[in-house]
Student: 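Next up is a structure, given as structure tokens.
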There are 2 protein chains.
Amino acid sequence: MTPQSQAAFRALADPTRRDILMMLRGQEMTIAEVAENFDMTRAAVKKHLTVLSDGGLITVRAAGRERINTFDPGGMAPVLDWLSAFDAFWDDRLAALRNAIEEDGT
Amino acid sequence: MTPQSQAAFRALADPTRRDILMMLRGQEMTIAEVAENFDMTRAAVKKHLTVLSDGGLITVRAAGRERINTFDPGGMAPVLDWLSAFDAFWDDRLAALRNAIEEDGT
DNA sequence: TTGACATGATACCATTTGGTATCGCACGGT
DNA sequence: ACCGTGCGATACCAAATGGTATCATGTCAA
């Protein structure tokens with residue numbers, strides 16, 4: 001129940017943010033590039049990106065006047081960590097997954 | 001992006017609801033029993049339970065005038081299913097987990 | 001330098017959300 | 001039969017959320 005964990009769960013609760021994560025999975029994108037894929041203003045998209053950043057699911061770096069948003073797989077760890085509390089229902093395989101991710105050290 | 005999936009993510013976004021799930025993991029509980037563990041009214045707890053039910057994470061059955069709330073592991077499946085889109089970052093182990101859960105047929 | 005443009009920062013708005021208070025009802029124990 | 005109580009339903013509230021509009025700023029290019 002770390003604040004980190006809460007921020008990650010909150011970030012994943014919105015379908016737009018989950019879609020953004022799917023996009024960023026394969027490639028880095030600027031705010032404007034992300035916004036092109038949605039029917040909303042850049043300001044709204046930037047808000048979502050801020051929430052994703054707060055949740056540790058993406059990192060943002062400045063490149064001149066642009067902000068490059070990058071997916072951060074490590075941000076998923078707190079979520080999977082919480083889910084692992086339900087291992088008993090799933091034959092302990094989730095715990096193995098979590099450990100594997102942590103070992104990757106992404 | 002099924003409505004089922006969205007409801008599950010939304011249900012997991014609140015820390016109180018996640019705590020409730022943790023409690024129900026080991027034992028069924030009535031609304032009042034759940035409420036005893038929180039500093040809020042039964043009405044508020046019941047609202048959370050309704051959200052959890054909408055998300056398919058618990059099932060509710062009537063027993064006289066009481067409602068027995070039971071954890072439903074199958075409700076996690078849409079969440080893990082979505083997370084599996086990020087397999088490439090985690091050495092494909094999440095997909096294996098998801099398949100294992102679906103085979104369990106819980 | 002000057003203009004174009006991506007972003008940041010505010011201010012503002014409608015809706016949703018988490019919560020309380022209150023009422024009524026159905027059920028169970030005595 | 002009756003009373004207590006577990007629950008559902010409703011009304012209501014403050015705060016958070018998702019969104020827009022607008023303006024300021026920094027940076028790239030000509």
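To find a chain, count down the sequence lines: A is the first, B the second, and so on, and within it residues start at 1.
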Student: For the residue pair A:Val79 and A:Ala8, what are the closest heavy atoms and their distance?
Tutor: CG2-CB, 3.9 Å
Student: Grab the CZ-C1' distance between A:Arg10 and D:dA15 for me, whole Å please.
Tutor: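 Between C1' of D:dA15 and CZ of A:Arg10: 13 Å.
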Student: Where the side chain of B:Thr50 meets the backbone of B:Lys46, is there a donor-acceptor pair that is under 3.5 Å apart?
Tutor: yes
Student: How many Å lie between CG on A:Leu49 and C1' on C:dA9, as a whole number?
Tutor: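 Roughly 16 Å, once rounded to whole Å.
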Student: By nearest heavy atom, map B:Glu66 and A:Arg65 onto DNA chain D; which one lands nearer the 5' end?
Tutor: B:Glu66
Student: Grab the CG-P distance between A:Asp14 and D:dG19 for me, whole Å please.
Tutor: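 A:Asp14 atom CG is separated from D:dG19 atom P by 6 Å.
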Student: With respect to B:Arg61, which candidate in B:Glu66, B:Glu28, B:Arg67 satisfies the side-chain contact (heavy atoms from CB on, under 4.5 Å) definition?
Tutor: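 With B:Arg61 as partner, B:Glu66, B:Glu28, B:Arg67 yield a single side-chain contact (heavy atoms from CB on, under 4.5 Å), made by B:Glu28.
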Student: Could you state the atom-to-atom distance from CD1 of A:Ile31 to C1' of D:dT27 in whole Å?
Tutor: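 About 15 Å, once rounded to whole Å.
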Student: Rounded to whole Å, how long is the line connecting atom CZ of A:Phe9 with atom P of D:dT17?
Tutor: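 So the CZ-P distance, A:Phe9 to D:dT17, works out to 16 Å.
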Student: Confirm from the modelled atom types if B:Lys46 and D:dG8 form a donor-acceptor pair under 3.5 Å, side chain to base only.
Tutor: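 Checked by distance alone, the answer is no.
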Student: I need the CD1-C1' distance between A:Ile68 and C:dT7, as an integer number of Å.
Tutor: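 To the nearest whole Å, that distance equals 12 Å.
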Student: Kindly give the heavy-atom pair with the smallest separation between B:Ile31 and B:Val45, and that separation in Å.
Tutor: O-CG1, 4.1 Å
Student: A:His48 or B:Arg67: which one's nearest nucleotide on DNA chain D is closer to the 5' end?
Tutor: B:Arg67
Student: Are A:Thr30 and C:dT7 close enough that a side-chain N or O sits under 4.0 Å from OP1 or OP2?
Tutor: yes
Student: Output the rounded distance in Å from CZ (B:Arg42) to P (C:dT22).
Tutor: 14 Å
Student: Taking the side chain of A:Met40 as its heavy atoms from C-beta onward, which of D:dG19, C:dT7, D:dG6 lies nearest to it?
Tutor: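 Closest nucleotide among those given: D:dG19.
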Student: Is B:Thr41 close enough to C:dG19 that one of its side-chain N or O atoms is under 4.0 Å from OP1 or OP2 there?
Tutor: no
Student: Looking at every non-hydrogen atom in both residues, tell me the closest pair between B:Leu83 and A:Leu80 and how far apart they are.
Tutor: CD1-CD2, 3.9 Å
Student: In this structure, how many angstroms lie between the P atom of C:dA6 and the CE atom of A:Met29, rounded?
Tutor: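 Rounded to whole Å, this separation is 14 Å.
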Student: Under 4.0 Å, counting only non-hydrogen atoms across every strand here, what does B:Ala32 touch: a base, just sugar-phosphate, or nothing?
Tutor: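 Touches sugar-phosphate only.
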